[in-house]
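Remember, predicted model here, so these are calculated numbers, not experimental data. Nothing fancy with the numbering, it's 1 onward along the sequence.
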Amino acid sequence: MGISSLKLLKYVLFFFNLIFWFFVLLLIILLAEVTLAILLFVYEQKLNDYVAEGLTDSIQKYYSDNSTKAAWDSIQSFLQCCGVNGTSDWMGSPPASCPSDPQVKGCYVKAKLWFHSNFLYIGIITICVCVIQVLGMSFALTLNCQIDKTSQVLGL
């Protein structure tokens, strides 16, 4: 009776084994990241159109929504741009966060240029995060196997 109780305890603890579930969670996150990256490359043009449309819609909310106003002001100040495609996107006069230069570019073009100029750094950070996840999965699986071997040696 004592040995069978310990075996039952072993199976119950295996189900609640946090190291195993940590591995499963990291695996799910890694698969989601890879799937998202593939989808971004496949549907890049649709994503560009969707972002441009979303930015154009958000300009309409500039004066009615404080968070939208703060977001546009910070983007225009950081990138030194105005509107989605230029100053003509703003009905009436552009906000004070737009540069005074009449030849200023739109924020959509400037954001794409910023992203492409920093693509190497973004890629390196993404690869490092994935390597850390794979290492975490490897260590969790190794530790889980060692715990299982130890329980077999003990006869559980």
Side-chain angles (χ1 to χ4, degrees), residues 10-149:
K10 173 190 168 188
Y11 290 118
V12 169
L13 289 177
F14 177 76
F15 181 73
F16 292 109
N17 187 350
L18 294 180
I19 296 171
F20 173 74
W21 291 113
F22 177 73
F23 169 80
V24 170
L25 179 67
L26 281 179
L27 181 64
I28 291 170
I29 291 171
L30 185 66
L31 291 175
E33 289 171 350
V34 170
T35 304
L36 181 65
I38 291 170
L39 289 174
L40 286 176
F41 283 120
V42 169
Y43 295 109
E44 182 180 3
Q45 186 57 44
K46 284 185 180 181
L47 180 66
N48 287 338
D49 296 340
Y50 181 72
V51 169
E53 182 182 314
L55 288 173
T56 304
D57 291 343
S58 71
I59 283 183
Q60 308 302 325
K61 300 176 187 173
Y62 180 80
Y63 293 106
S64 62
D65 185 14
N66 286 335
S67 62
T68 303
K69 181 178 181 180
W72 268 108
D73 287 343
S74 64
I75 289 170
Q76 291 178 145
S77 298
F78 176 73
L79 294 176
Q80 291 297 305
C81 58
C82 189
V84 178
N85 299 311
T87 56
S88 62
D89 292 334
W90 295 102
M91 294 177 231
S93 63
S97 61
C98 278
S100 58
D101 182 20
Q103 299 296 326
V104 69
K105 290 184 180 180
C107 292
Y108 181 68
V109 172
K110 286 274 207 153
K112 281 180 71 171
L113 288 173
W114 180 87
F115 183 78
H116 287 296
S117 66
N118 293 308
F119 188 73
L120 178 64
Y121 303 118
I122 293 169
I124 289 171
I125 290 170
T126 303
I127 289 171
C128 288
V129 168
C130 289
V131 165
I132 290 170
Q133 285 177 328
V134 169
L135 284 173
M137 289 169 47
S138 300
F139 292 146
L141 198 56
T142 303
L143 184 59
N144 193 30
C145 289
Q146 288 298 322
I147 290 170
D148 192 40
K149 281 182 183 179

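- Across all their heavy atoms, E33 and V129 have their closest contact at OE2-CG1, 4.4 Å.
- Checking each of Q80, Q76, K69 against S97 for a side chain to side chain donor-acceptor pair (under 3.5 Å) leaves exactly one that passes, namely Q76.
- Aromatic ring pairs are classed by plane angle as parallel below 30°, tilted from 30° to 60° and perpendicular above 60°; the pair H116 and F119 is tilted.
- When atom types are taken as modelled, the side chain of N144 and the backbone of A140 share no donor-acceptor pair closer than 3.5 angstrom.
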Decide yes or no on side-chain hydrogen bond (donor to acceptor under 3.5 Å, both in side chains) for Y108 and D89, but give the supporting numbers first. CA-CA 12 Å; Y108 181 68; D89 292 334; over 6 Å; no
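- Contact detail for T68 and K61: the closest heavy-atom pair is CB-O, 4.1 Å.
- Nearest heavy-atom pair across V104 and P99 is CG2-CG, 3.8 Å.
- For Y63, the OH atom counts as densely surrounded, since its 6.0 Å shell holds more than 12 non-hydrogen atoms of other residues, nucleotides or ligands.
- Between L30 and C130, the closest side-chain pair of non-hydrogen atoms falls below 4.5 Å.
- Here CD1 of I29 is found 13.0 Å from CG of L36. Values are rounded to the nearest 0.5 Å.
- Side-chain atoms of K105 and L113, non-hydrogen and from C-beta on, do get closer than 4.5 Å to each other.
- Panel note: side chain S74, backbone A71; a donor-acceptor pair is recorded below 3.5 Å.
- If you check the side chains of W72 and S58, you find a donor sitting under 3.5 Å from an acceptor.
- The OH atom of Y43 lies 11.5 Å from the CG atom of L40; values are rounded to the nearest 0.5 Å.
- For the atom pair L26 CG and L31 CG, the distance stands at 11.0 Å (nearest 0.5 Å).
- Of all heavy-atom pairs between W90 and S93, the closest is CB-O, 4.3 Å.
- Annotation: side chain of D73 is in contact with side chain of Y62 (closest heavy-atom distance under 4.5 Å).
- Between the CD1 atom of I127 and the CD1 atom of I122 there is a distance of 12.0 Å, given to the nearest 0.5 Å.
- Summarising the geometry of L79 relative to C107, their closest heavy-atom pair is CD1-O, 4.2 Å, with the distance given to 0.1 Å.
- Within the model, atoms CD of E53 and CG of N48 stand 12.5 Å from one another, a figure rounded to the nearest 0.5 Å.
- Contact detail for G136 and F22: the closest heavy-atom pair is O-CE2, 4.0 Å.
- Disulfide status for C98 with C82: present, SG atoms under 2.5 Å apart.
- Summarising the geometry, atom CG belonging to L55 is positioned 12.0 Å from atom CD belonging to Q60; distances are rounded to the nearest 0.5 Å.
- More than 12 heavy atoms of other shown residues, nucleotides or ligands fall within 6.0 angstrom of atom NZ in K110.
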